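Counting from 1, the numbers follow the sequence of the chain as shown. Predicted model, so just to flag it, every value in this text is computed and none were measured. Order of appearance sets the numbers: ligands from 1, and atoms from 1 within every ligand. Side-chain atoms are counted along with the backbone in the values below, which use heavy atoms only and exclude waters and symmetry mates.
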Amino acid sequence: MAKMWAGRTAGETAALADELNSSIGVDGRMYAQDIKGSAAHARMLSKQGIISEEEKDQIITGLEGILKDLSSGALAIDQTAEDIHMFVEAELTKRIGDAGKKVHTARSRNDQVALDDRMYLKDSVDELCAFTEKLIQTIADIAERESSVIMPGYTHLQRAQPILFSHQILAYAFMFERDIDRMKDCKKRMNVSPIGSCALAGTTYDTDRDFEAELLGFDKPCLNSIDGVSDRDFVVELLADLSILQMHLSRFAEELVLWSSWEFRFIELSDAYTTGSSIMPQKKNSDMAELIRGKTGRVYGDLITMLTVLKGLPLAYNKDMQEDKEAVFDAVDTVKLCLQVMEPMLAGMKVHADRMLRAAGEGFINATDLADYLTRKGMPFRDSYKITGSIVNYCINNGLILENVPLEKYREYSTLIDKDVYEAIDLMTCVKSRISKGGTSPESVSEQIKYLIERA
Ligand code: ARG
């Protein structure tokens, strides 16, 4: 097929070269951004007297028709076109004739693709933030609904101290809040328009880049045309943000997998988000949570892809950069899907408060509270710590828990211990007395929930 860029060359490209060169299968999804960009470009060209008012109107009407037909399915993207920019321009010229050939005045595909990338990813950030926000609100709702559930808090995956279940899941909500902040911050830098940079050096035409940037909703045009067409740092930045977000999802997913195992049985995921086994009839597998965890690898891979593509590229545009879209679209799609599955999966999970409480009662997780009790009675903390350790040992050797140790036995270890010790080591007391800001007390948890709900 004759190429639109066949200026100097006359020979045909090899079929496999076309296959390697083609990006339409990936960048076709940017058609709306490409068309919007071209319409704004035509408006700018006409305002500057570079094309006539009539040509501008023809171009815009033509572009609107293409957008409508692509959206409705009346027009299919020609997969033999090299990329979406070529396809839209060819279709436009097919529809309106010579005026269509003028839309590429004072523009290059180099600034055009950078523009489309930025426009598409700005929209993606908005969507990703909305899904993440929905997840935060769902976590806050669950935290409110399950506000009295006590579970063991872990360090090293060993039972450590009693906490509210709400406190544990709210920790993720704060991580997701930072993920939103990061993406919004990334969008600020994305929001600078490269269009008008042209191939790399700017143009001889009297263009108005500020006007065009404003028409397209950008804060400003970039100040260096080479930078405008050469960098994809905004892609890398979004991929890094998505990697962190997916890492958070993955850790949460890992807890869901653990908690829904028969060993823990803290929660039960709904049938809508689990699968059975083709051979073992008793199984209820947490495949969706596992996949959210597993998909993290590909998101990290996308980040590494992009860092590697850019490393060592001389300025300005190089075709290597076409690889940006496959990587970033894959990450955007993956994270979007995982967010959309995670939210209803959490909303529908059953919380087994009894199992969590039982687990909390089995691991001496109130030992710190016993040590704190002794310290409050006047013993230096290091001594309280040691004595409590000996009491725990005694319990282990005699099949007891701290709640069942008789008072006389306690007093063999320290006469500072009185019958109020039982109240002090009661799990609910332990939780309630963690009153420090950000601690696991019910007041602190309500404060967290209130903050998260109000931020929405
Ligand atoms: N399809 C190309 C890309 O995604 C568009 C830019 C092509 N520019 C060029 N000089 N060949 O990067």
Distances for all N or O pairs of ligand 1 and the protein under 3.5 Å?
| residue | atom | partner | partner atom | Å |
| --- | --- | --- | --- | --- |
| ligand 1 | 1 (N) | S23 | OG | 3.3 |
| ligand 1 | 1 (N) | D83 | OD2 | 2.8 |
| ligand 1 | 1 (N) | Q322 | OE1 | 2.7 |
| ligand 1 | 4 (O) | K325 | NZ | 2.8 |
| ligand 1 | 8 (N) | N110 | OD1 | 3.0 |
| ligand 1 | 10 (N) | N110 | OD1 | 3.0 |
| ligand 1 | 12 (O) | Y317 | OH | 2.4 |

Salt bridge (Lys or Arg N to Asp or Glu O under 4.0 Å) assessment of K319 paired with E82: CA-CA 13 Å; K319 197 60 176 263; E82 191 176 305; 3.6 Å; yes
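The ring-ring contact (aromatic ring centres under 6.0 Å, His included) test applied to Y31 returns no partner, not counting sequence neighbours. Residues that satisfy the ring-ring contact (aromatic ring centres under 6.0 Å, His included) test with F329, not counting sequence neighbours, are Y120.
Using a 4.0 Å cut-off between charged nitrogen and carboxylate oxygen, D185 and R182 do not count as a salt-bridge pair.
Seen from the ring of F234, R118 counts as a face-on cation partner, given the 6.0 Å and 45° thresholds.
Identified under the ring pair (Phe, Tyr, Trp, His ring centres under 6.0 Å) test for residues 431-456, with sequence neighbours left out: F174-Y451.
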